[in-house]
Amino acid sequence: MHRRRLLAVSGALLAGAVAGCTESDPEDSPGGDGDEDGDRSTPNGPVDTVDQAPATPLAALDDEGLEELVAETNGFAIDLHRRLLADRPEENVFSSPLSASIALAMTYAGARGETRRQMRAALRYTVEDLHGTMGELQRRLDERGTDHDDEDETPFQLSVANSVWGQDGYGFDENYRTILAEEYGTELIEANFSGDAAGERERINDWVADETDGTIEELLPPGSLDRLTRLVLVNAIYFLANWEQPFPEDRTDHGPFTTLDGTDHVVPLMALERTWPYVERDGLQAVELPYVGGDAAMLVVLPPDGEFEAYERDLDGEGLAELIDGLEPRDGTVKLPRFEFDTGVELSEPLAELGMTDAFDPELADFTGIAEHDEEAERLYLDEAYHEAAVAVDEDGTEAAAATGAVIGDESAPVDPFEFVADRPFLFAIRDRPTGTVLFLGRAVDPSDWE
């Protein structure tokens with residue numbers, strides 16, 4: 001990567017089942033409830049209906065529902081982050097759980113029975129009108145973005161885009177297509193997976209590259225699509241923002257960064273003194289770095305020396321919210337490394353660990369809300385969900401997700417200034433302040449992987 005950027009792309013892939021995998025009677029299937037209209041409630045509270053009618057008009061949506069969705073999405077962000085660490089405990093990790101949540105919400109719109117209940121629990125979909133509220137959140141975020149022109153050095157850009165690619169001639173449910181169009185802003189694009197899966201993979205990857213300004217060129221790897229693929233759902237989030245106050249380049253100096261195993265690496269450390277939103281508790285420090293406009297910010301969390309892994313393991317959505325609520329204006333110096341890395345993962349295993357198992361099982365998956373089938377027809381199931389994200393931070397800012405609006409209060413700062421030096425592993429989250437949405441979440445632990 002040759003310039004600042006922070007972006008994420010998430011794709012959910014549905015494929016037709018292999019021959020011989022047909023649906024049994026709903027009454028006899030594991031977890032089936034025999035209700036063709038879908039689940040009206042679950043032990044965790046009311047769930048949106050199976051979308052047999054258009055979602056709630058935007059004018060009827062209230063902020064309470066949006067706040068609930070954001071809280072649960074942020075909780076899912078922590079859940080997913082923790083699962084991604086299982087196979088990479090000493091690596092840098094970066095993702096956009098919001099991107100994954102949106103792509104999988106489009107899939108969830110067609111889920112039924114036990115498949116639906118598992119997805120709802122794993123993805124924390126508790127708000128009653130999920131698709132209407134998710135659509136409203138996307139619109140609010142997307143409205144904050146501006147057209148970007150490299151020559152104009154536009155300081156802020158945010159875009160949220162969806163696309164859905166379906167096999168030409170396949171009997172997709174009309175109500176499902178309506179939800180995709182009205183709440184996720186995408187019509188179903190006809191594709192020829194059965195005749196040219198490789199060509200369609202290239203076409204989808206080209207769309208992703210275009211939406212992410214060329215940063216992610218191959219979301220779907222070779223072999224990810226084949227003649228049995230029936231539907232591909234993709235979400236792309238792209239963000240570019242300058243810091244509200246840039247780090248002076250002449251203040252950047254080199255210093256040590258100590259990794260989890262105690263190894264020291266020399267890294268460029270940016271430095272800036274100003275008034276920051278800051279909190280310190282029991283040796284933990286957290287500081288928020290605002291972007292231009294004040295509504296987007298990067299929260300950087302520095303656990304006490306030697307306690308990074310324990311803190312990361314115990315962190316949850318409520319703990320993150322409490323940390324943010326504790327931020328107060330204070331004068332201080334922040335020293336933060338320049339860093340740049342990306343993460344590419346397949347989400348089937350992490351999602352299965354969260355309890356979403358049936359969706360990936362050709363024998364158990366129930367996506368009859370996407371397309372009806374009988375005992376002579378193939379059965380849809382979730383083949384894989386691919387996620388890729390990249391981040392770069394320098395003196396000018398970050399290419400990431402953000403918004404416009406809230407500013408720091410004008411309370412008096414304490415007399416004693418603080419010093420925040422990220423010279424050891426730290427967590428960082430980029431969030432939209434007006435809604436509180438965590439757009440990106442990551443850990444920086446290994447400078448050898450920073451470009």
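Treat the numbers as computed from the prediction; the structure is a model and nothing was measured.
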Looking at [X] and [Y], would you say the former's side chain and the latter's main chain have a donor-acceptor pair under 3.5 Å?
X	Y	answer
Thr435	Thr437	yes
Arg112	Phe367	no
Thr178	Glu174	yes
Trp243	Asp394	yes
Arg424	Phe308	no
Glu217	Asn205	no
Asn74	Val438	yes
Asn162	Tyr184	yes
His387	Glu346	no
Tyr125	Thr73	no

Using a 4.5 Å cut-off on heavy atoms from C-beta on, say whether the side chain of [Y] contacts that of [X].
X	Y	result
Thr357	Leu364	no
Thr229	Asp383	no
Leu347	Tyr386	no
Asp206	Val208	no
Val345	Val93	no
Leu84	Leu80	yes
Val164	Leu233	yes
Trp207	Ile189	no

Worksheet entry | Working for side-chain contact (heavy atoms from CB on, under 4.5 Å), residues Leu219 and Ile204 | CA-CA 9 Å; Leu219 172 66; Ile204 295 171; 5.9 Å; no

Worksheet item: Glu363 and Tyr381: side chain to side chain donor-acceptor pair (under 3.5 Å), yes or no, with the steps?
Response: CA-CA 8 Å; Glu363 299 294 332; Tyr381 69 99; over 6 Å; no

Discussion item. Test of understanding: with salt bridge (charged side-chain N to carboxylate O under 4.0 Å, His left out), list the residues that count as partners of Glu218, not counting sequence neighbours.
Written reply: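 For Glu218 the salt bridge (charged side-chain N to carboxylate O under 4.0 Å, His left out) partners, ignoring immediate neighbours, are Arg201.
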
Discussion item. Could you check, using the six-membered ring where one of them is a Trp, whether Phe94 and Phe440 have ring centers closer than 6.0 angstrom?
Written reply: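 Yes, the ring of Phe94 comes within the 6.0 Å limit of the ring of Phe440, centre to centre.
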
Between [atom1] on residue [X] and [atom2] on residue [Y], distance to nearest 0.5 Å:
X	Y	atom1	atom2	value
Leu299	Leu320	CG	CG	6.5 Å
Glu128	Thr133	CD	OG1	9.0 Å
Asp358	Gln118	CG	CD	4.0 Å

Worksheet item: With sequence neighbours excluded, what pairs up with Phe76 under the ring pair (Phe, Tyr, Trp, His ring centres under 6.0 Å) test?
Response: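 Listed in chain order: nothing, the list is empty.
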
Worksheet item: For Trp450 and Ser448, does a side-chain donor sit closer than 3.5 Å to a side-chain acceptor?
Response: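 Note: Trp450 and Ser448 side chains miss the donor-acceptor criterion.
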
Fill in: Glu68 versus Thr126, side-chain donor and acceptor atoms under 3.5 Å
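Distance-only check passes for Thr126 and Glu68.
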
Worksheet item: Where do Glu187 and Leu180 land on the side-chain contact (heavy atoms from CB on, under 4.5 Å) test, with the steps shown first?
Response: CA-CA 7 Å; Glu187 301 287 346; Leu180 294 178; over 6 Å; no

Practice prompt. Step through the shown structure and confirm whether more than 12 heavy atoms of other residues, nucleotides or ligands are within 6.0 Å of CG on Asp282.
Written response: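 No - once you tally the heavy atoms of other residues, nucleotides and ligands closer than 6.0 Å, there are 12 at most.
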
Worksheet item: Could you walk me through whether Arg82 and Glu353 pass the salt bridge (charged side-chain N to carboxylate O under 4.0 Å, His left out) check?
Response: CA-CA 11 Å; Arg82 189 175 294 114; Glu353 290 174 353; over 6 Å; no

Discussion item. Glu91: which residues meet the side chain to side chain contact (heavy atoms under 4.5 Å, CB included) condition with it, sequence neighbours left out?
Written reply: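 Residues passing side chain to side chain contact (heavy atoms under 4.5 Å, CB included) with Glu91: Arg88.
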
Item to complete: Mind running side chain to side chain donor-acceptor pair (under 3.5 Å) on His131 and Tyr108 for me, showing each step along the way?
Response: CA-CA 10 Å; His131 305 300; Tyr108 173 80; over 6 Å; no

Worksheet entry | Residues Glu384, Ser224; criterion side chain to side chain donor-acceptor pair (under 3.5 Å); working and verdict | CA-CA 8 Å; Glu384 186 54 83; Ser224 56; over 6 Å; no

Item to complete: Could you tell me whether Arg140 and Asp432 make a salt bridge, using a distance below 4.0 angstrom between a side-chain N and a carboxylate O?
Response: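 Answer for the salt bridge query: no.
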
Discussion item. Under the criterion side chain to side chain donor-acceptor pair (under 3.5 Å), I'd like the reasoning laid out for Thr259 against Asp446: C-alpha separation, chi angles, the key distance, then a yes or no.
Written reply: CA-CA 6 Å; Thr259 61; Asp446 182 11; over 6 Å; no

Practice prompt. Check the pair Glu200, Phe193 against side-chain contact (heavy atoms from CB on, under 4.5 Å), reporting the backbone distance first and the verdict last.
Written response: CA-CA 6 Å; Glu200 296 298 352; Phe193 300 120; 3.7 Å; yes

Practice prompt. Test Arg83 against Leu354 for side-chain contact (heavy atoms from CB on, under 4.5 Å), laying out the working first.
Written response: CA-CA 8 Å; Arg83 293 308 188 280; Leu354 290 173; 3.5 Å; yes

Item to complete: Would you sort out whether Arg433 and Glu288 count as a salt bridge (charged side-chain N to carboxylate O under 4.0 Å, His left out), showing the intermediate values?
Response: CA-CA 11 Å; Arg433 281 169 153 179; Glu288 194 166 62; 2.9 Å; yes

Worksheet entry | Test: Arg443 cationic atom under 6.0 Å from Phe428 six-membered ring centre, within 45° of axis |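 That pair does not qualify as a cation-pi contact.
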
